[in-house]
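This report concerns only the one structure given below.
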Amino acid sequence: MTDGRFSGATSGLMAGHVAPEAAAGGPIARLRDGDQIEIDVARRTVTAVDVDLAARPPSASPKPPPPPGAYRKYAEMVGSAATGALTTR
């Protein structure tokens, strides 16, 4: 979350980064257009409102890996930005 100072492109509260946990079938993959979410800055939480995410299947299958080359090496070796985007090997 950010207070709007996101490279000068926004103003007010905005979600500036969301880790790609949806590709693993996490909660973000279970949200649908029109679902309401509640952002509690003080508690540092994001919650789906009136939705049982555990009861929903993920909306999409993970993307297949990129073809061999630099992009594939990157995809296989770099972790989520949420954990620092560090290489795992």
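Values below: all heavy atoms of this structure, side chains included; hydrogens, waters and symmetry mates excluded. Each residue takes its place number in the sequence, starting with 1.
Residue pairs meeting the salt bridge (charged side-chain N to carboxylate O under 4.0 Å, His left out) criterion with at least one partner in residues 43-55, sequence neighbours excluded, are Asp40-Arg43. Listed by first and then second residue, the side-chain hydrogen bond (donor to acceptor under 3.5 Å, both in side chains) pairs involving residues 24-38 are Asp35-Arg56 (not counting sequence neighbours).
Each of Ile28 and Val49 belongs to its own hydrophobic cluster when Ile, Leu, Val, Met, Phe, Trp and Tyr are linked at side-chain heavy-atom distances under 4.5 angstrom.
Val78 forms part of a hydrophobic cluster together with Tyr74, judged by ILVMFWY side-chain heavy-atom separations under 4.5 Å.
Closest approach of Ala48 and Leu31 over heavy atoms only: CB-CD2, 4.1 Å.
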